[in-house]
Amino acid sequence: GHTKYVEKAQLCERFFAGDQWDREDLAALKASRRPALTINKIISTVGNVLGEQIYNRAETSFRPRSGSPAEIADVLTKVFKQISDNNQLDWKRSEMFADGVIGSRGYLDLRLGYGDSAHGEVQITNLNPRNVIPDPDADDYDPDSWGEVFVTKWVTADDIAVMYSKTDAALLRNKDGSQLPYGYDSIDGNRERFGDAQYPTYGDFDETSVLRNIRLIERQYRVLDRQQHFLSPETGDMRQVPESFDRNRIAWFVQKFGFKVVPKLVRRIRWTVVADDVVLHDDWSPYKHFTVVPFFPHFRKGNTIGLVESLIGSQELLNKVSSQELHVVNTTANSGYIVSAGGLTNMTPEELEQRGAETCVVIQVNGDIEKTIKKIQPNTVPQGLDRISYKAEEHIKTISGISDSMQGFDREDVAAKAIQAKRQAGSTNLVKPLDSLTRSDYILARNTLDIVQEFYTAEQLLSITKDSLTGETETFAINQPNPISQQQHQAQGLPGAYQAILNDLTIGEYSVVVSSVPRRETLEDSQFEQAVSLKELGVPIPDSVLIGASRLIDKADVIKQMEATQNSPEAQAAKQLEQRGMAAEVAKTEAEAKGKHADAGLKGAKTAETVVKTQVLANTPIDTGEGQQGNPELEMAQAQHEADMSEREF
């Protein structure tokens, strides 16, 4: 089935690159002098998909489980970030995504490299999808369920000498043919490279260090093997006993932790490497997983589906219809002539064929012009031909889910909110490929965790970049011996359990957490716009927060200078004057309020006095000859009025 996939991948790569015409069709059109246009809509459509992935990066972290220390999980997260920075994982991840989107398969290779460190460092490389053959019987996304995987690549004889053996390199150095019965499968000419697709040329002995004409074939496959395992009687957990452990070390673990040693039948990974008929390597793999990490945008029971293969039909329709439109226009402008034999005097019929469509061409005829030469009336342009090309473009947008809004080609009269809603709806079509990418990120982080816990046992000092814009770095140590002994730890009463090795990465079990976050530039733009909007709405956001959310290159220095300016004596004096001015303004406002309150009280008192006098006049007693009679209610009102006046005056 790999041959069928390679044919599909080559076709998708051709259409993405703009080579979209079949060779026979192109030759036939050229022979009939008809145009063959290529209007490559695929590259712009796929470019939008790749942009969505670039603007969303993966953040990988580790969480403790089964009582593992949380501080080790944080250190493992930093170690993974250091591995990602060293391997430029963001770019390699984008290249793997592009391979999957275009050809339906993308791969990363994860293994230890010893080029810079004798202890080994994790190396992550991109693999050509055509050079990876997965298990034909596999029907699951995760390679842990595969039975085998093949990886092939082209190397030089010097590479063989460095990686394997000088003897094997000398044997393969000047081989100019294959000893296998499969023809040119061992030395294949149809491969992707900067040069043309041809069989490699063989030159002098010295050129074999440059020519990559030796094809390596790596096979990683699972074989049953009985191995010793540590068994914890309390939890039931089982761990394979490393092959480097001798009897004394195994006995120490059994005595120290109470483990039991039990045999168990497992499927181990066997690793075999051949070049032509020479076996270069055949041994057990040092890893728990295959080194291959796959990415499939759409995976259906062993069938991988990309995005370009669904657009090929619409792209061909667009090219053919556009070419036909141009051909119709050309034939309308130069529809041809009907000429009587011997009727032309200044040119031959062949010359008229070549020059008949020229501007201001002069044609001399012999005899009556109406009978000698006559221009052929061209056919009218078929109705609906232009609509077919329009439909082809719409098919590309519909199938890919990349609308005019996502490409920024909306009309000017469309509202901004409507454009944003269309972009969000268009992004929904990319959820599945991006979810598959997150799954590949999980497999990569899981395999990296196992390699780190297995091989990162030496003391190391690692550095990571905390902020890519400011260049802020952090340095931390792993597997560092504890300078405080256990007796000193207990004597000093230090908190926490004693650890002989600080940041021991081999301790504990951890789960992988992969989250997708926007790219830093896009996230900062969004945060800055939200902060400005809140500031405009009246939310008291400090200026330092606005500067921190901006994309100023030296924003940290700007904040420091602003804080230094605010803390200067001049700024403090100005601040005190401002505070005194504000206090004086408050005192003035309070005095004005008190004056208005007293004035209102005085007016109220006068009003009450008038009311009392009116009541006095209304309730004056009448002289009946027996003397005046008093009014108790009037006396009570006068007493209350005098009391109110005394209180206001006070």
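Everything quoted here is computed from the prediction, not taken from an experiment.
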Worksheet, complete the sentence: All heavy atoms of Pro64 vs all of Ala70, minimum pair found to be CG-CA, 3.9 Å
Worksheet item: Ignoring hydrogens and geometry, is there a side-chain-to-backbone donor-acceptor pair from Thr38 to Asn40 under 3.5 Å?
Response: no
Practice prompt. Indicate the ring-plane relationship of His2 and Tyr5, choosing parallel, tilted or perpendicular according to the 30° and 60° boundaries.
Written response: tilted
Practice prompt. Determine the minimum heavy-atom distance between Arg57 and Asp90, stating which atoms define it.
Written response: NH1-O, 3.3 Å
Response to the item:
Here the pair of heavy atoms bringing Ile312 nearest to Cys12 is CD1-SG, 4.2 Å
Item to complete: Compare all side-chain heavy atoms of Asn126 with those of Tyr107 and state whether any distance is below 4.5 angstrom.
Response: no
Discussion item. Could you check whether any side-chain heavy atom of Val132 comes within less than 4.5 Å of a side-chain heavy atom of Arg105, counting everything from C-beta outward?
Written reply: no
Discussion item. Do Thr272 and Glu218 pair up side chain to side chain, a donor and an acceptor below 3.5 Å, judged on atom types alone?
Written reply: no
Practice prompt. Enter the distance from Thr291:OG1 to Asn447:CG here, rounded to the nearest 0.5 Å.
Written response: 9.5 Å
Fill in: Check: Val512 main-chain N/O paired with Arg446 side-chain donor or acceptor under 3.5 Å
no
Item to complete: Taking the side chain as every heavy atom from C-beta outward, state whether Asp109 and Val293 have any pair of such atoms under 4.5 Å apart.
Response: no
Worksheet item: What do the steps show when you test Thr156 against Asp158 for side-chain hydrogen bond (donor to acceptor under 3.5 Å, both in side chains), and what is the final call?
Response: CA-CA 5 Å; Thr156 66; Asp158 289 354; 5.2 Å; no
Worksheet item: Given side chains that start at C-beta, do those of Leu444 and Leu110 come closer than 4.5 Å, heavy atoms only?
Response: yes
Worksheet item: Counting N and O atoms only, with roles assigned by atom type, does the side chain of Asn56 sit under 3.5 Å from a partner on the main chain of Glu52, one being a donor and the other an acceptor?
Response: yes
Worksheet item: Is it true that Lys397 and Glu394 make a salt bridge, defined as a side-chain N closer than 4.0 Å to a carboxylate O?
Response: yes
Worksheet entry | Side chain proximity check, Phe295 to Leu108, heavy atoms < 4.5 angstrom | no
Worksheet entry | Interatomic spacing from CD1 in Ile102 to CZ in Phe16 - rounded to 0.5 Å | 4.0 Å
Worksheet entry | Residue pair Ile54, Phe97: steps toward the side-chain contact (heavy atoms from CB on, under 4.5 Å) verdict | CA-CA 10 Å; Ile54 291 174; Phe97 183 79; over 6 Å; no
Item to complete: Would you please test Ser463 and Glu474 for side-chain hydrogen bond (donor to acceptor under 3.5 Å, both in side chains) and show each step?
Response: CA-CA 6 Å; Ser463 298; Glu474 179 184 355; over 6 Å; no
Worksheet item: What pair of heavy atoms forms the shortest contact from Gln20 to Phe15, and how long is it?
Response: NE2-O, 2.9 Å
Worksheet entry | Gln82 side-chain N/O to Leu462 backbone N/O, donor-acceptor pair under 3.5 Å | no
Item to complete: Verify side-chain contact (heavy atoms from CB on, under 4.5 Å) between Gln240 and Val266, making sure each step is shown before the conclusion.
Response: CA-CA 10 Å; Gln240 177 183 335; Val266 297; 5.6 Å; no
Item to complete: First locate atom CD1 of Ile478, then atom OG1 of Thr457, and finally report the distance between them rounded to the nearest 0.5 Å.
Response: 9.0 Å
Fill in: Expected output: side-chain Ser145 to main-chain Asp142 donor-acceptor under 3.5 Å
yes
Practice prompt. Please confirm whether the backbone N or O of Val122 pairs with a side-chain atom of Tyr456, one donor and one acceptor, at under 3.5 Å?
Written response: yes
Item to complete: Determine, for Trp271 and Arg219, whether the Lys NZ or Arg CZ falls below 6.0 Å from the six-membered ring centre while staying within 45 degrees of the axis.
Response: no
Practice prompt. Please answer whether the main-chain N or O of Ile83 pairs with a side-chain N or O of Asn87 as donor and acceptor at a distance below 3.5 Å.
Written response: yes
Worksheet item: Honestly, is Arg65 close enough over Tyr510, meaning NZ or CZ under 6.0 Å from the six-membered ring centre and within 45° of the axis?
Response: no
Item to complete: Any chance you could lay out the side-chain contact (heavy atoms from CB on, under 4.5 Å) test for Ser440 and Met96, step after step, and finish with the verdict?
Response: CA-CA 10 Å; Ser440 298; Met96 177 185 68; 4.3 Å; yes
Practice prompt. Take Arg130 and Gln10, measure what side-chain contact (heavy atoms from CB on, under 4.5 Å) needs, and give me the verdict at the end.
Written response: CA-CA 9 Å; Arg130 302 189 197 181; Gln10 288 177 341; 3.0 Å; yes
Practice prompt. Could you tell me whether Arg93 and Asp441 make a salt bridge, using a distance below 4.0 angstrom between a side-chain N and a carboxylate O?
Written response: yes
Fill in: Tyr287 side, atom OH; Arg111 side, atom CZ - distance, nearest 0.5 Å
6.5 Å
Discussion item. With a 3.5 Å distance limit and no angle check, can you tell me whether Gln315 reaches the backbone of Lys41 through a side-chain donor-acceptor pair?
Written reply: yes
Discussion item. Under 6.0 Å from the ring centre and within 45 degrees of the ring axis: does the NZ or CZ of Arg222 meet both conditions for the six-membered ring of Phe290?
Written reply: yes
Worksheet entry | NZ/Lys92: more than 12 non-hydrogen atoms of other groups inside 6.0 Å | yes
Worksheet, complete the sentence: Closest non-hydrogen contact found for Phe455 with Leu112 is CG-CD1, 3.4 Å
Worksheet, complete the sentence: Only one of Ile396, Leu318, Val308 passes side chain to side chain contact (heavy atoms under 4.5 Å, CB included) with Ile42, and that residue is Val308
Discussion item. With a 4.5 Å cut-off on side-chain heavy atoms, are Pro143 and Ile443 touching?
Written reply: yes
Worksheet item: When rounded to the nearest 0.5 angstrom, what is the spacing between CD1 in Ile305 and OG in Ser310?
Response: 7.0 Å
Worksheet entry | Asp159 CG to Lys153 NZ distance, which is reported to the nearest 0.5 Å | 8.0 Å
Discussion item. For a 4.5 angstrom cut-off between non-hydrogen side-chain atoms, does Asn319 reach Trp21?
Written reply: yes
Item to complete: Compare all side-chain heavy atoms of Leu216 with those of Tyr164 and state whether any distance is below 4.5 angstrom.
Response: yes
Item to complete: May I ask you to decide whether Lys8 forms a salt bridge with Glu309, counting only side-chain N to carboxylate O separations under 4.0 Å?
Response: yes
Worksheet, complete the sentence: Leu505 and Asn479 have their tightest heavy-atom pair at N-OD1, 3.3 Å
Worksheet item: Ignoring hydrogens and geometry, is there a side-chain-to-backbone donor-acceptor pair from Asn48 to Ser44 under 3.5 Å?
Response: yes
Fill in: Backbone of Pro297 reached by a side-chain donor or acceptor of Ser436 within 3.5 Å
yes
